[in-house]
Amino acid sequence: ADTVAARTEMKEFRRALKAKFGNFVRAWRSGLCINDSMVLQKADFIKACHRLNLNVDPKILWKSLDRDESGVVSIDELDAQSAEILAHFKSFAIQKFGSMKATFRALDADGSNILKQS
């Protein structure tokens, strides 16, 4: 899947996700993998591309993303740097607060169940 067409599709896909969501973590969690499983199967990926009205060919993109042909993709296959930042945050959060749930409770100072950037 390392053709010029595949590289062009991936570049457009990444550009569109950044424009729509601001960063790849938000794009992954709010647009692509909305069930919070952190992995995405081909059918769900194709549906997400259509739902988001992205002007890309999801089948070409799938081949580019699923390079190991595992049948699923994760955020590290979309953007390794974002995946690494997320992994570091998770490690910090568990070390500091004991669990992700406890981290959320600690960060949700007003009890609204929504974290806002300040």
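Worth saying up front: this structure is predicted, and the values here are computed from it rather than measured.
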Practice item. Could you tell me whether the side chain of K63 reaches within less than 4.5 Å of the side chain of E69, counting heavy atoms only? Key: no

Check your understanding: Do you reckon M38 sits in the same ILVMFWY cluster as M100, going by side-chain contacts under 4.5 Å, direct or chained?
Key -> no

Review point. Does any non-hydrogen side-chain atom of R7 lie less than 4.5 Å from one of V4?
Key: yes

Point to revise | Cluster link V72 to I75, ILVMFWY, side chain under 4.5 Å | key: no

**Study point:** Heavy-atom side-chain contact between L32 and L52 under 4.5 Å
**Key:** yes

**Study point:** D76 side-chain N/O to A83 backbone N/O, donor-acceptor pair under 3.5 Å
**Key:** no

Review point. Where do T103 and K90 land on the side chain to side chain contact (heavy atoms under 4.5 Å, CB included) test, with the steps shown first?
Key: CA-CA 9 Å; T103 302; K90 182 179 181 182; over 6 Å; no

Review point. Does one hydrophobic cluster hold both F104 and W28, with members joined at side-chain heavy-atom distances below 4.5 Å?
Key: no

Check your understanding: Is the count of non-hydrogen atoms from other residues, nucleotides or ligands lying under 6.0 Å from E77 atom CD greater than 12?
Key -> yes

Exercise for review: Check V56 against P58 and note the closest heavy-atom contact, atom names and distance.
Suggested key: O-CD, 3.1 Å

**Study point:** CH2 on W62 to CD on Q41, rounded to 0.5 Å
**Key:** 7.5 Å

Point to revise | Rounded distance (nearest 0.5 Å) linking atom CG of L17 with atom CG of N23 | key: 10.0 Å

Review point. Do you know the tightest heavy-atom contact between G31 and F21?
Key: CA-CZ, 3.6 Å

Check your understanding: Is it true that atom CG of N55 has more than 12 heavy atoms of other residues, nucleotides or ligands lying nearer than 6.0 Å?
Key -> no

Revision key, fill the gap. The side-chain contact (heavy atoms from CB on, under 4.5 Å) partners of D57 (sequence neighbours excluded) come to E9, K59, I60

Practice item. Examine F92 and L86 and state if one hydrophobic cluster contains both, with Ile, Leu, Val, Met, Phe, Trp and Tyr joined whenever side-chain heavy atoms are less than 4.5 Å apart. Key: no

Exercise for review: Look up atom CD in E12 and atom CG in L61, then write down how far apart they are to the nearest 0.5 Å.
Suggested key: 9.5 Å

Check your understanding: Quick check: are there more than 12 heavy atoms from other residues, nucleotides or ligands sitting under 6.0 Å from CZ of R14?
Key -> yes

Exercise for review: Rounded to the nearest 0.5 Å, what's the gap from CG on D79 to CD1 on I85? Could you check?
Suggested key: 8.0 Å

Point to revise | F45 ring center within less than 6.0 Å of F13 ring center | key: yes

Practice item. May I ask you to test the N113-D108 pair for a side-chain heavy-atom distance under 4.5 Å? Key: yes

Check your understanding: About how many Å separate CZ of R15 and NZ of K20, when rounded to the nearest 0.5 Å?
Key -> 10.5 Å

Check your understanding: If you group Ile, Leu, Val, Met, Phe, Trp and Tyr by side-chain heavy-atom gaps below 4.5 Å, do F24 and M10 land in one group?
Key -> yes

Review point. Do side-chain atoms of S91 reach the backbone of A87 as a donor and acceptor pair under 3.5 angstrom?
Key: no

Study note, to complete from the structure: Rounded to the nearest 0.5 angstrom, the CG-CD1 distance for D44 and I34 is 8.5 Å

Exercise for review: Could you tell me whether the side chain of D66 reaches within less than 4.5 Å of the side chain of K42, counting heavy atoms only?
Suggested key: no

